[in-house]
Amino acid sequence: MSPRPNGRARRIRPSVRLAAATAVCAALLGAAALPAQAAADRNPPPPAPDLRQELRELVDRPDGPPGVIAVLRDGDRTSVYRAGVADVESGRPPGKTDHMRIASVAKAFSGAVALTLVDRGRLHLDDTIGKVLPGQPAAWHAVTLRQLLHHTSGLPDYSASQDFIDIVTANPRHRFDSRRLLEFVADEDLEFRPGSRYHYSNSDNIAVALMAEAVTGTRYETLLRELVYRPLGLTATSLPQGYRLPEPYLHGYQIDPQEGPVDVSEAISASGAWAAGGIVSTPQDLTAFIRGYAGGALFSERTRRQQFTFIPGALSQPPGPGRTEAGLAIYRYTTRCGTVYGHTGNTPGYTQLAAATADGRRSLTFTITTQTSLTNNPDLLAQVREVQEDFVCALLRG
């Protein structure tokens with residue numbers, strides 16, 4: 001594919017900064033549970049050569065991403081599919097060692113930390129906020145770790161707070177104190193009785209990280225290194241506070257069909273997302289993570305049985321391929337070809353899927369370099385989900 005108009009991304013104008021700020025708030029907000037998707041059609045999966053054509057069709061859309069990369073892993077065999085460019089100015093292709101923002105896939109990492117601590121007896125799924133974090137609002141004290149990981153806590157979403165939105169709108173690169181993000185909603189009651197329904201809230205994963213810190217006396221970033229990165233061999237994954245990305249990186253864009261792509265890779269600070277969406281990784285590292293996490297490499301089968309308790313019709317944000325159900329910091333995606341487990345995410349410049357089979361042997365990571373969700377270009381999302389399902393079919397048929 002040739003680079004986008006003029007072969008150059010436009011600089012971030014003030015209006016685009018505002019749009020990026022609005023987009024990050026929308027990405028952080030997520031949405032309440034929606035009705036379960038209609039049953040997937042029964043068409044046979046496409047032959048493997050068609051997968052590359054499907055990626056080309058995505059980047060050829062006027063509103064499509066400048067780049068897309070998908071990594072299929074089956075045992076020791078890795079297949080990399082890509083289309084478009086990692087950077088419209090250089091024209092280089094996307095690579096599996098390019099850094100990128102993984103958005104809400106970071107929630108699976110907080111799940112990995114918490115469930116490992118549960119497995120070791122440092123935390124319990126029925127531990128409450130009141131027991132572990134007594135300084136949090138009394139109205140929240142009955143919420144359990146299980147409910148936080150299941151998004152059934154009722155915690156108000158800090159990223160929906162008008163004060164938070166105003167700060168991000170004024171300066172998307174504002175550096176928050178990540179451990180104080182819940183203060184934006186500390187004066188609010190629960191949105192519903194804990195455990196009574198599903199509602200995707202970024203506050204949940206902030207609380208999970210704070211609970212992990214409280215019972216260990218160790219910073220969350222260190223827990224990620226010790227409990228997740230090191231055991232799974234992740235060498236290019238980090239949780240930054242600022243807006244910079246390590247080189248080389250997969251550039252993320254906001255697409256204007258008339259004016260071309262605007263580079264928003266470094267438009268926002270990761271500190272406002274933290275454990276809910278601030279992690280930076282690579283397709284290669286993300287592949288290793290999801291194989292280990294979905295495959296049960298980090299904790300015992302006993303803990304995994306608790307994790308694999310699913311809520312029908314509970315969507316990840318954005319929805320992934322096929323029909324979705326929510327477990328504890330993991331989602332089950334049931335496609336016309338079979339089932340995979342993982343997480344999705346979206347943030348300005350990126351839309352992500354990381355999924356694997358229950359034994360961890362087969363995995364898919366799928367990245368496009370623009371944001372899409374149920375509210376942000378849903379037409380593009382619909383096509384992305386169709387392509388993702390075809391990749392899952394290719395993965396599962398071996």
With a cut-off of 3.5 Å and sequence neighbours excluded, list every side-chain donor-acceptor pair involving residues 181-195.
unit_1: Glu183; atom_1: OE1; unit_2: Arg180; atom_2: NE; d: 3.2
unit_1: Glu183; atom_1: OE1; unit_2: Arg180; atom_2: NH2; d: 3.1
unit_1: Glu183; atom_1: OE2; unit_2: Arg180; atom_2: NE; d: 2.9

Expected list for residues 226-240: side-chain donor-acceptor pairs under 3.5 angstrom, two or more places apart:
unit_1: Thr237; atom_1: OG1; unit_2: Ser281; atom_2: OG; d: 2.8
unit_1: Thr237; atom_1: OG1; unit_2: Asp285; atom_2: OD2; d: 2.7

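The closest donor-acceptor contact from the side chain of His141 to the backbone of Ile129 lies at 3.5 Å or more, if one exists at all. A donor-acceptor pair is defined here as one N or O able to donate and one able to accept, closer than 3.5 Å; no such pair exists between the side chain of Gln254 and the backbone of Val264. Judged by distance alone, with hydrogens and angles left aside, the side-chain atoms of Arg73 form a donor-acceptor pair with the main-chain N or O of Gly75 at under 3.5 Å. Of the possible donor and acceptor atoms, none in the side chain of Thr335 sits under 3.5 Å from a partner among the backbone N and O of Gly322. Without hydrogens or angle criteria, Ser316 side chain to His343 main chain gives no donor-acceptor distance under 3.5 Å. A donor-acceptor pair under 3.5 Å is absent between the side-chain atoms of Arg304 and the main chain of Phe299, judged by distance alone. Remark: the backbone N or O of Tyr341 is not paired with any side-chain donor or acceptor of Arg332 at under 3.5 angstrom. Side-chain atoms of His251 do not come within 3.5 Å of backbone N or O of Gly349 as any donor-acceptor pair. Of the possible polar contacts, one joining the Arg362 side chain to the Leu396 backbone as a donor-acceptor pair under 3.5 Å is found.
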> Should Ser269 and Arg173 be marked as a side chain to side chain donor-acceptor pair (under 3.5 Å) after you check the CA-CA gap, both sets of side-chain angles, and the distance that decides it?
Replying inline: CA-CA 5 Å; Ser269 167; Arg173 290 176 170 175; over 6 Å; no
> Does the pair Gln147 and Thr152 meet the rule for a side chain to side chain donor-acceptor pair (under 3.5 Å), with working shown?
Replying inline: CA-CA 5 Å; Gln147 291 160 347; Thr152 60; 5.3 Å; no
> Does the side chain to side chain donor-acceptor pair (under 3.5 Å) test come out yes or no for Asp359 and Thr357, once each step is laid out?
Replying inline: CA-CA 5 Å; Asp359 60 4; Thr357 51; 2.6 Å; yes
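Looking at Arg179 and Glu221, a side-chain N of the basic residue comes within less than 4.0 Å of a carboxylate O on the acidic one, giving a salt bridge. No salt bridge links Asp98 with Arg82; every basic N to acidic carboxylate O contact stays at or beyond 4.0 Å. In summary, Arg302 and Asp119 engage in a salt bridge, as defined by a charged side-chain N under 4.0 Å from a carboxylate O. Residues Asp50 and Arg56 are not paired through a salt bridge, judged by the lack of any N-O separation under 4.0 Å between the basic side chain and the carboxylate.
At least one side-chain heavy atom of Thr78 sits less than 4.5 Å from a side-chain heavy atom of Val71.
Summarising the geometry, atom CZ belonging to Arg146 is positioned 4.5 Å from atom CG belonging to Leu125; distances are rounded to the nearest 0.5 Å.
For the 3.5 Å distance criterion, the side chains of Tyr200 and Ser104 qualify, holding a donor opposite an acceptor.
Not counting sequence neighbours, the partners of Asp379 by the side chain to side chain contact (heavy atoms under 4.5 Å, CB included) test are Arg61, Asn377.
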